[in-house]
K.L.:
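Before I ask anything, here is the structure I am working with.
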Amino acid sequence: MHAFSDDDRRVLGEVLDWVVDRLTDPAGTPSAGAPSLPPVVGPVVGSGVGVEAAWRMLRDQVLPTAFPADHPRYLAFVGGAPTTAAVLADAVLSAASVYGGSELEAGAVVRAERAAARWLCDLAGYPPESHGVFVSGGSLANLSALVAARHAGRRADGSLPDVIVAGGAAHSSVAAAAAIMGCTVVTVGAPDTRLCAADLKPVLDELPATPVAVVATAGATNTGVVDELDELAATCAERGTWLHVDAAYGGAGLLVPHLRPLFAGIERADSITIDPHKWLFTPFDCAGVLYRDPAPARAAHTQRAPYLEPVDEEAFDNPADHAVHLTRRARGLPLWFSLVANGADGYAAAVAACLAAARAAARRIEASPVLELVADPQLSVVLFRRRGWAPDDYRRWSSRARSSGLALVTPTTFAGRTVLRLCFVNPRTSGDDVELVLASLEA
């Protein structure tokens, strides 16, 4: 099973050809809108079917049922459109069989990841001693940051705080993290508006003790809204409260000069989540958790065991010590490689292109006789409605668009009403793509 055979070599050549075709034309993936898996995708038998037959099942039966997140009309959720360089590095990483938990084993791979994390820290305005690590997604990044915050907040009697204060727009992973940690969440403010200090202060005043953390959002998943970070940071600093900023989606906006004022104060946060697999063009899965002071994270997350003693030497700076993981993929390597290949300026231009596409879509909606913009886009999320439609109309249209391969666009709610949401994080999404979607809604 482990020997590299002639069949393996032949199939590898086919896979490479397929990858080239796929990256050349993401919109051309066959049957991109197929709604479900076939009844049987391949037998699992004792003798196996061979790599060639397995590849054909994967290529022809399994992969075509997905709607790829880099398709230019994947506009639901927060997708991802990795650069060719990032995909190349990701593939090489698998072949290289790198264990990314420690510098002892991964060597300069960890140093390359650290350079990518340093770039994110600098983007956020963090000091030189700050540090970051890459995990599987924003959910694990938020959990890791909140575990570090709770560890840092241990009281003199040894007890731990058990309340997390989060804005109304906080990602669902915050509630999930609280449940894992045995904490409760106190929600502040409305889900569709910016959280500000005037909302936060009365809630903090009523709490019997300092909370685990305050969680602010910099780019709400549903709306793109950025909380009033500067005044929230000042409030938390006055009270000695950990501030975590979830910028999983919106953090890429820090690359665009005219947006930076929106993020004022993020440099004062104790921890930040930014997901390169969202708007920084890195393959799934890759999320960054950044710490202004990494010491509390190391204290909370470093695992101890006799067999780990060689890994724990002071000479090593280990990614395993900064989040809820031990075994890990070196997820930051594709980001580092792509940054080296394309440069930060290339990244800034790609983010700006997504913002321009969102503004153009908003103008097109405003000019429509039947579509209505329901909020001015703050980042690259566009919320709108179709006049006269009920919730079932949105769901039926969304299902038809998915099954036909037109687009992946799903309904959401805003101010209590069902609306549609377009999220632009793919610089290959063109005006023609947007026109196809909007024209279908106007028909």
Side-chain angles (χ1 to χ4, degrees), residues 98-153 177 213 215 218 233 236-237 242-248 251-252 254 263 265-277 280 282 285-304 308 311-337 339-340 344:
V98 174
Y99 169 78
S102 75
E103 192 170 348
L104 170 69
E105 293 154 282
V109 170
V110 165
R111 294 170 201 166
E113 284 194 282
R114 196 152 59 237
R118 180 71 256 158
W119 179 73
L120 291 177
C121 287
D122 291 344
L123 199 60
Y126 263 8
E129 64 271 18
S130 62
H131 197 43
V133 66
F134 296 98
V135 296
S136 62
S139 295
L140 196 63
N142 287 339
L143 173 62
S144 298
L146 291 171
V147 167
R150 194 180 194 207
H151 190 276
V215 180
C236 289
W242 185 292
L243 175 63
H244 175 65
V245 174
D246 183 353
L254 289 162
F263 297 89
I266 195 170
E267 72 283 354
R268 301 171 68 185
D270 295 282
S271 54
I272 302 169
T273 291
I274 300 180
D275 288 6
H277 69 212
L280 289 174
T282 302
D285 48 21
C286 179
V289 55
L290 314 177
Y291 302 100
R292 188 159 48 114
D293 175 6
R298 282 196 294 268
H301 293 299
T302 300
Q303 298 187 33
R304 305 291 184 190
L308 293 176
V311 176
D312 291 336
E313 293 179 13
E314 290 185 7
F316 300 126
D317 183 7
N318 299 318
D321 297 341
H322 296 89
V324 185
H325 57 201
L326 182 60
T327 300
R328 65 179 292 275
R329 181 177 177 82
R331 294 177 176 89
L333 187 72
L335 174 62
W336 168 82
F337 186 80
L339 283 167
V340 171

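Just the heavy atoms: all of them, side chains too, but no hydrogens, waters or symmetry mates, feed the values below.
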K.L.:
Using 4.0 Å as the upper bound for N to carboxylate O, is an ion pair formed by E113 and R329?
P.N.:
no
K.L.:
Which atoms form the tightest heavy-atom contact between G332 and A116, and what is the distance?
P.N.:
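Result for this residue pair: O-CB, 4.0 Å.
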K.L.:
Looking only at non-hydrogen atoms, find the nearest pair between A124 and L254 and report the distance.
P.N.:
CA-CD1, 4.1 Å
K.L.:
Side-chain contact test, heavy atoms from C-beta onward, threshold under 4.5 Å: evaluate it for L146 versus V215 and give yes or no.
P.N.:
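Yes, side chains in contact.
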K.L.:
Working to the nearest 0.5 angstrom, can you tell me the gap between D321 CG and N318 CG?
P.N.:
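Rounded to the nearest 0.5 Å, the CG-CG separation comes to 5.0 Å.
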K.L.:
Return yes if some donor-acceptor pair links the side-chain N/O of D285 with the main-chain N/O of G137 below 3.5 Å, else return no.
P.N.:
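No; zero donor-acceptor contacts below 3.5 Å.
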K.L.:
Rounded to the nearest 0.5 Å, what separation is found between the CZ atom of R111 and the CH2 atom of W336?
P.N.:
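Nearest 0.5 Å value for the CZ-CH2 distance: 12.5 Å.
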K.L.:
Counting N and O atoms only, with roles assigned by atom type, does the side chain of H244 sit under 3.5 Å from a partner on the main chain of A145, one being a donor and the other an acceptor?
P.N.:
no
K.L.:
Which heavy-atom pair separates D275 from G138 by the least distance, and what is that distance?
P.N.:
OD2-N, 3.2 Å
K.L.:
Under the ring-ring contact (aromatic ring centres under 6.0 Å, His included) test, which residues partner H277, sequence neighbours left out?
P.N.:
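Counting only residues at least two positions away or on another chain, H277 forms a ring-ring contact (aromatic ring centres under 6.0 Å, His included) with F284.
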K.L.:
Parallel, tilted or perpendicular: which fits the ring planes of H131 and H322, with parallel below 30° and perpendicular above 60°?
P.N.:
perpendicular
K.L.:
Decide yes or no for S139 and L143: does some side-chain heavy atom of the first lie under 4.5 Å from some side-chain heavy atom of the second?
P.N.:
no
K.L.:
Go through it in stages, so that I can follow the logic: the residues are S136 and H325, the test is side chain to side chain contact (heavy atoms under 4.5 Å, CB included), and I'd like the CA-CA distance, side-chain angles, deciding distance and then a yes or no.
P.N.:
CA-CA 10 Å; S136 62; H325 57 201; over 6 Å; no
K.L.:
Check this for me, if you would: do R114 and E103 make a salt bridge, where the nitrogen-to-carboxylate-oxygen distance has to be below 4.0 angstrom?
P.N.:
yes
K.L.:
Treating Y291 as the side-chain partner and I272 as the backbone partner, does any N or O pair qualify as donor plus acceptor under 3.5 Å?
P.N.:
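Not confirmed, Y291 side chain does not pair with I272 backbone.
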K.L.:
Walk me through whether D293 and E129 qualify under side chain to side chain contact (heavy atoms under 4.5 Å, CB included).
P.N.:
CA-CA 7 Å; D293 175 6; E129 64 271 18; 5.8 Å; no
K.L.:
Under a 3.5 Å threshold, yes or no: a donor from one side chain and an acceptor from the other, between R331 and T282?
P.N.:
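The criterion, which ignores hydrogens and geometry beyond distance, is not satisfied for T282 and R331.
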K.L.:
Which heavy atom in A149 sits nearest to a heavy atom in A213, and how many Å separate them?
P.N.:
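Minimum heavy-atom contact is CB-CB, 4.2 Å.
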K.L.:
Assess, by modelled atom type and distance only, whether the side chains of T273 and N142 contain a donor and an acceptor separated by less than 3.5 Å.
P.N.:
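Yes, side-chain donor-acceptor contact under 3.5 Å.
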K.L.:
For the pair C236 and W242, evaluate side chain to side chain contact (heavy atoms under 4.5 Å, CB included) and give the outcome as yes or no after the intermediate values.
P.N.:
CA-CA 7 Å; C236 289; W242 185 292; over 6 Å; no
K.L.:
Do D317 and V110 have side chains that approach each other closer than 4.5 Å (heavy atoms only, starting at C-beta)?
P.N.:
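Contact flag for D317/V110 side chains = no.
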K.L.:
State the SG-CG distance between C121 and L290, to the nearest 0.5 angstrom.
P.N.:
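C121 SG to L290 CG: 4.5 Å, rounded to 0.5 Å.
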K.L.:
Do the side chains of R268 and L243 get nearer than 4.5 Å, heavy atoms only?
P.N.:
no
K.L.:
What heavy-atom pair brings P276 and G288 nearest, and what distance separates the two atoms?
P.N.:
CD-N, 3.7 Å
K.L.:
Which heavy atom of L326 sits nearest to which heavy atom of Y99, and what is that distance?
P.N.:
O-OH, 3.1 Å
K.L.:
Measure the spacing between CG of L280 and SG of C286 and express it to the nearest 0.5 Å.
P.N.:
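Those atoms lie 9.0 Å apart.
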K.L.:
Between the main-chain N or O of S130 and the side-chain N or O of R292, is there a donor-acceptor pair closer than 3.5 Å?
P.N.:
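Not a single qualifying donor-acceptor pair exists.
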K.L.:
Which distance, rounded to the nearest 0.5 Å, do you find between the CZ of R328 and the OG of S102?
P.N.:
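That separation rounds to 10.0 Å.
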K.L.:
Any heavy-atom pair between the side chains of F134 and L335 that's under 4.5 Å?
P.N.:
yes
K.L.:
Would you mind reporting whether P296 and H151 have side-chain heavy atoms less than 4.5 Å apart?
P.N.:
no
K.L.:
Between CD1 of I274 and CG of L123, what distance do you get to the nearest 0.5 Å?
P.N.:
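Here the rounded value is 6.0 Å.
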